[in-house]
Protein chains: 2
Amino acid sequence: MILIMLQLRDLPTQEVLQRFAERYPAADVTAIASFLMLLRVGTDLSLALDACLTKHDLLQGRWWVLILLMREQDLTCVPSVLAEKIGVTRATMTGLLDGLEQGGLVQRISAPQDRRSVQVKLTAAGQAKLDAVMPDYYTRLRLCMQGLSENQRSDLQTILGVIDQGMSAWDFNQ
Amino acid sequence: MILIMLQLRDLPTQEVLQRFAERYPAADVTAIASFLMLLRVGTDLSLALDACLTKHDLLQGRWWVLILLMREQDLTCVPSVLAEKIGVTRATMTGLLDGLEQGGLVQRISAPQDRRSVQVKLTAAGQAKLDAVMPDYYTRLRLCMQGLSENQRSDLQTILGVIDQGMSAWDFNQ
DNA sequence: TCATTATAGTTAGCTTCCTAATTATGTCAA
DNA sequence: TTGACATAATTAGGAAGCTAACTATAATGA
């Protein structure tokens, strides 16, 4: 499953929110304002990340694959697991791996024990690519977050956790 | 500009983060953890929203157009402004408006004073569609956020504001 | 045993975004 | 006034995701 998130350049004024709340009694003004802000900052962050990756000739999908492979002890994983962890379909993963393999960043190795399956391995070139990208990426991320105290970072994670919990309620009733 | 955000089902363990931080000294572990969590909750929220809209035969892009039109006093706006506010190209807006007009939810009216331009107006059917969707949407949103105190909501907005500020620093150096 | 069902990965065709080029109209200055 | 440039919207073609169908292989059970 993939998400296409628009940029939401234009957050509603307090007045507009109030007007909507009058028409729709179900509206919870502070919930809506927080939600929209969250959506906007999330997209802005992801866009900024994309810009960084583009500089290194990478797209977000392919980059996540490299990261996931690097997380593994043996730098190896199967496509279906990669797909699930990134949250794309297996069909999409086939395309991502095609691109990465063409660039020499990963290698498909047929699995002897189950001939339906394939092992995907991060190559030396793939590791080198990460070694080029990650310091840049982490430096930029540090800049974004440098205004936050450790307490605020911890608060943010707590709050996001609560929202994540609240979403189960959403799923139940849908 | 549009953002394609993957789902990130799999956040790194503390141990993996530590391993990355050793290889890449630029890494700021709490910044990364907060960032990934933010990305994940943002995408999950947006996905849940999409599911709600889909029930009402709407896509996120088209829905935002309806919202923006409803925000206007005269329920009217021009395509270029809509495009900028949602953060899509004018070409994309053309497609969104085509779909909405075909469904009778908006109406294109040629502008007399500048014949290059077009006025887009929310129709009665468009307003009716919003009146059907918004109570559902707001109710779900309330569920997601119900676990947050007013203080936490305000904290969240403050924190997101700081991150947004920090991103200017990112842009400067890119 | 072998037919059925399940699973891994891929392929084919669709959607909706994008960029770049195009058409029509407006603006401005020589 | 008219040529150059700017602007509004659209069209054409491309990218990267999706679903559904397909191929090959494995597992299961009558």
- Message: If I take atom CG in residue B/D50 and atom C1' in nucleotide D/dC18, what distance separates them, rounded to the nearest angstrom?
- Response: 13 Å
- Sorted by position of nearest nucleotide on DNA chain D, 5' first, the leading residue of B/V81 and A/R115 is B/V81
- Sub-3.5 Å donor-acceptor pair from the side chain of B/K121 to the main-chain atoms of B/C77, do we have one? no
- Residues A/D98, A/R108: salt bridge by 4.0 Å N-O rule: yes
- Can you figure out which of D/dA8, C/dT10, D/dA26 approaches the side chain of A/R116 most closely? D/dA26
- Proximal nucleotide (of C/dG9, C/dT19, D/dC18) relative to the A/T94 side chain: C/dG9
- When the distance from CG of B/L59 to C1' of D/dC18 is rounded to whole Å, what number comes out? 13 Å
- Message: Tell me the interatomic distance from A/D114, atom CG, to D/dT25, atom P, rounded to whole angstroms.
- Response: 10 Å
- Which of the following nucleotides, D/dG17, C/dA8, D/dA26, is nearest to the side chain of A/S80? C/dA8
- Message: Side chain of B/P79 only, heavy atoms from C-beta on: which candidate in C/dG9, D/dA9, D/dA12 is closest?
- Response: D/dA9
- Task: May I ask you to verify if any side-chain N or O of A/S117 is less than 4.0 angstrom from the OP1 or OP2 atom of C/dG9?
- Result: yes
- Query: Between C/dC17 atom C1' and B/D98 atom CG, what is the distance in whole Å?
  - Reply: 14 Å
- Query: In a check of side-chain contact (heavy atoms from CB on, under 4.5 Å) between B/V133 and each of B/L53, B/I67, B/D57, which one passes?
  - Reply: B/L53
- Message: Please classify the nucleic acid contact of B/R90 as base, sugar-phosphate, or nothing, using heavy-atom distances under 4.0 Å.
- Response: base
- Keeping the roles fixed (side chain from B/S46, backbone from B/G42), state whether a donor-acceptor pair exists under 3.5 Å. no
- Let me know the distance between CG of A/L97 and C1' of C/dA8, rounded to the nearest Å. 13 Å
- Return the value, rounded to whole Å, for the distance between atom CZ of B/R108 and atom C1' of C/dA24. 16 Å
- Rounded to the nearest Å, what distance is computed from the CD atom of residue A/E84 to the P atom of nucleotide D/dC18? 13 Å
- Message: Could you work out, with salt bridge (Lys or Arg N to Asp or Glu O under 4.0 Å) as the rule, every residue matching B/E150, not counting sequence neighbours?
- Response: B/R153
- Which one, D/dA26, C/dG9, D/dG17, comes nearest to the side chain of A/L96? D/dG17
- Whole-Å distance separating the CG atom of B/L47 from the P atom of D/dC18: 10 Å
- Item | Nearest-neighbour nucleotide for the A/V88 side chain, D/dC18, C/dT19, C/dC17 considered | D/dC18
